[in-house]
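First up is the structure itself, then whatever we jot down about it.
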Amino acid sequence: MRLSRFFMPVLRDTPKEAEIISHQLMLRAGLIKQESAGIYAWLPLGLRVLQKVNAIVREEQNRAGAVELLMPTIQSADLWRESGRYEAYGKEMLRIEDRHEREMLFGPTNEEMVTEIFRTHVKSYRSLPLNLYHLQWKFRDEVRPRFGVMRSREFLMKDAYSFDLDAAGARHSYNKMFVAYLRTFARFGLKSIPMQADTGPIGGDLSHEFIILADTGESEVFCHKDTLDFATPPSNTNFDDAVTLQATVDKWTSLYAATSEKHDVAAYEAIEAGKRVSARGIEVGHIFYFGTKYSEPMKAQVQGPDGKPVTVHMGSYGIGPTRVVAAVVEASHDANGIVWPVPLAPFEVALINLKSGDKDCDQACNDLYHKLEQAGLSVLLDDTDERAGAKFASMDLIGLPFQLIVGPKGLKSGEVEIKERKTGERVTMPVEAALRRLVELVSARRFMG
RNA sequence: CGGGGCGUAGCUCAGCCUGGUAGAGCGCUUGCUUUGGGAGCAAGAAGUCGUGAGUUCGAAUCCCACCGCCCCGACCA
C-alpha cells in the first residue's frame with residue numbers, strides 16, 4: 001500500500017476524551033474513530049489489525065474442532081422469553097421495535113439463538129460433540145462505556161457454544177477451548193494466564209477468565225511466577241485426546257492464579273517468596289460451562305443410544321477481538337507510539353522514502369516495494385513529500401515492526417537502513433542484503449506459539 | 001443511576017467572571033526556501049460559539065430547559 005493513496009488520519013495531539021494509553025494511541029494512530037459513546041468506526045489501519053486478530057481466532061477455533069457459522073445481530077424477543085432472559089437481562093439489552101411493532105433486540109449474546117438452531121437440526125447423540133462459533137457484533141448498553149474499544153457498547157465477539165451428551169463430554173469440549181485459547185493469545189504475542197472465574201449457578205471449576213498482563217491493566221491479578229513460563233500447547237495438539245488435553249489443563253491450573261475478586265490472600269501468601277507475582281491484567285477471554293441452563297427450558301434434546309431423549313450439556317466461550325486490539329496496545333507500546341507484534345501488525349514493513357521526488361529514492365523504493373511484496377511481506381510505502389522527521393514520527397506512532405529507510409545519502413553508496421521498531425536498533429546495509437534480512441526477520445516472527 | 005466536569009475551526013485550547021458580534025498553536029490550501037527525527041517565510045480557506053427558549057438596543061459571554069461527551073462510583077467481554 002502506498003501511503004499517498006491510503007487513508008490513515010493520524011493525529012498529532014491527543015484527543016481529550018481518551019484517558020488510557022491504548023485509547024489515546026488508537027485514536028492518534030488513526031485506528032478508530034468514535035461515533036457515539038462506546039461506539040466506534042474502525043478505520044483502515046485498525047481494521048487490518050482486527051482482521052488479523054480474527055484470522056488467528058478462526059485458525060485456532062477450527063483447529064480445536066469448532067465450526068463457524070454466522071448468526072444475526074438482531075434477534076426476536078420471543079426467543080429470549082423461552083429462556084426467561086428477556087425479563088432478566090435488564091437495561092443492558094438494547095430493545096427495539098420493528099415497523100410491525102414486533103419486539104426485537106440487538107443481541108448481547110447468542111445462547112438462545114444457537115440453542116434454537118441446534119434443537120431444530122440436531123436430533124441424534126451421534127451428531128455430538130458439536131461446537132458452533134461465530135464472530136459477530138454485539139451490543140450491550142453499558143451504563144458507562146469507557147476506555148475506547150476496551151469497554152465499548154458495540155463490540156466484536158467470537159463466541160463458541162459446545163453441545164455434549166453429558167458433563168464428562170462437556171468437560172472435554174471445555175478443555176479443547178481452554179487449550180485453543182492458550183494458543184490463540186500466544187499467537188497475539190500475549191502471555192495469557194487462565195484464572196478461576198465465577199461459575200454462577202452451576203458451580204464447579206469450569207469457568208476461567210484469560211488474563212493478559214499489562215502495566216495499565218484494569219484489574220489487579222495475582223499468580224505464581226512459574227505460570228508465566230508454562231509452554232504453550234503445540235500446533236499439533238490432538239484435540240480428540242481427552243486424557244492428554246486434561247493433563248495440559250491440569251498443569252495450567254495447578255498453580256495459584258486469581259483476579260482481585262477471587263483473590264485468596266492465604267493461598268497467595270503460601271506461595272514461596274520470590275515466586276509471587278502481583279500485577280495488572282486485562283481480561284481477553286472467558287470460557288464457561290453452564291450445563292443445561294438453556295437446553296432445559298428450550299428443550300434442546302437429542303436421542304441417546306438407548307432411544308431416550310437426553311438434554312444436552314452446553315458451554316460458551318468468548319473472545320472479544322475489538323478488546324484484544326486495545327489490550328495488545330496496552331501491553332505493547334512506548335513513548336513514541338504503538339509497537340505491533342508481527343502477527344498482528346497492519347503492515348509488516350514501513351518502507352520510508354526520505355526524499356519523494358528524488359529519482360534515485362523513488363526508483364529504489366518502488367523496486368524494494370515490489371520485491372518485498374513479491375516475497376510475501378505486507379508493506380506500507382511512505383511516498384508522501386513530508387519531511388523526514390514527520391515520517392519517522394508517524395511510522396513510530398503506528399508501530400509497524402520494521403522500518404526500511406531509504407534516503408539519498410545512503411543510496412549514494414548503495415545502502416539502506418533497517419530499523420526495528422521495538423528496540424529502536426538500526427542497521428545500515430546494502431539494498432539486496434537488507435531485502436534478504438527483512439524477509440528473514442519478518443518470517444521468523446510471524447508465527448508465535 | 002448517584003456525584004463531578006466539559007461542549008468555541010479537523011485537533012489542542014484561549015476568550016465567558018466584568019455582554020459590544022470570535023482568536024492562537026498545530027493541521028489544511030498556494031508560492032518560495034528547506035530536506036536523515038514532527039522546518040522557515042509569505043499569502044489563504046475554514047466556526048449555525050452543542051440545541052432551543054429567555055433577559056437585553058446588543059449574548060460565545062447572563063438566566064432556564066434539553067442534548068451530547070468525559071471522569072469517579074455501582075456494573076460488565
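Lettering follows sequence order; numbering is per chain, from 1.
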A:Tyr369 ring centre to A:Arg2 NZ or CZ under 6.0 Å, with the angle to the axis within 45°? yes

Charged tip of A:Arg140 within 45° of A:Phe155 ring normal and under 6.0 Å: no

If you check every side-chain atom of [X], which of [options] has the closest atom?
X        : options                : result
A:Glu142 : B:rC75, B:rG36, B:rC1  : B:rC75
A:Lys16  : B:rC13, B:rG37, B:rA74 : B:rC13
A:Lys91  : B:rC28, B:rC69, B:rC1  : B:rC1

Phosphate oxygens OP1/OP2 of [N]: is one of them under 4.0 Å from a side-chain N or O of [X]?
X        : N      : answer
A:Gln34  : B:rC70 : yes
A:Arg426 : B:rG37 : no
A:Arg387 : B:rA39 : yes
A:Thr14  : B:rC11 : no

Pairing partner (Watson-Crick or G-U wobble, both distances under 3.5 angstrom) of B:rG2: B:rC72

Paired nucleotide for B:rC66 [Watson-Crick or G-U wobble; both distances under 3.5 Å]: B:rG50

Comparing nearest nucleotides in RNA chain B, the 5'-proximal residue of the pair A:Leu411, A:Met150 is A:Leu411

Given side chain to side chain donor-acceptor pair (under 3.5 Å), test A:Asp159 with A:His134 step by step and report yes or no. CA-CA 6 Å; A:Asp159 40 337; A:His134 76 338; 3.1 Å; yes

Measure centre to centre between the rings of A:Phe210 and A:Phe178, then say whether the value is under 6.0 Å. yes

Check every strand shown and say whether A:Ser394 touches a base, only sugar-phosphate, or nothing at a heavy-atom separation below 4.0 Å. base

For the side chain of A:Arg151 and the base of B:rC75, is some donor closer than 3.5 Å to an acceptor across the two? yes

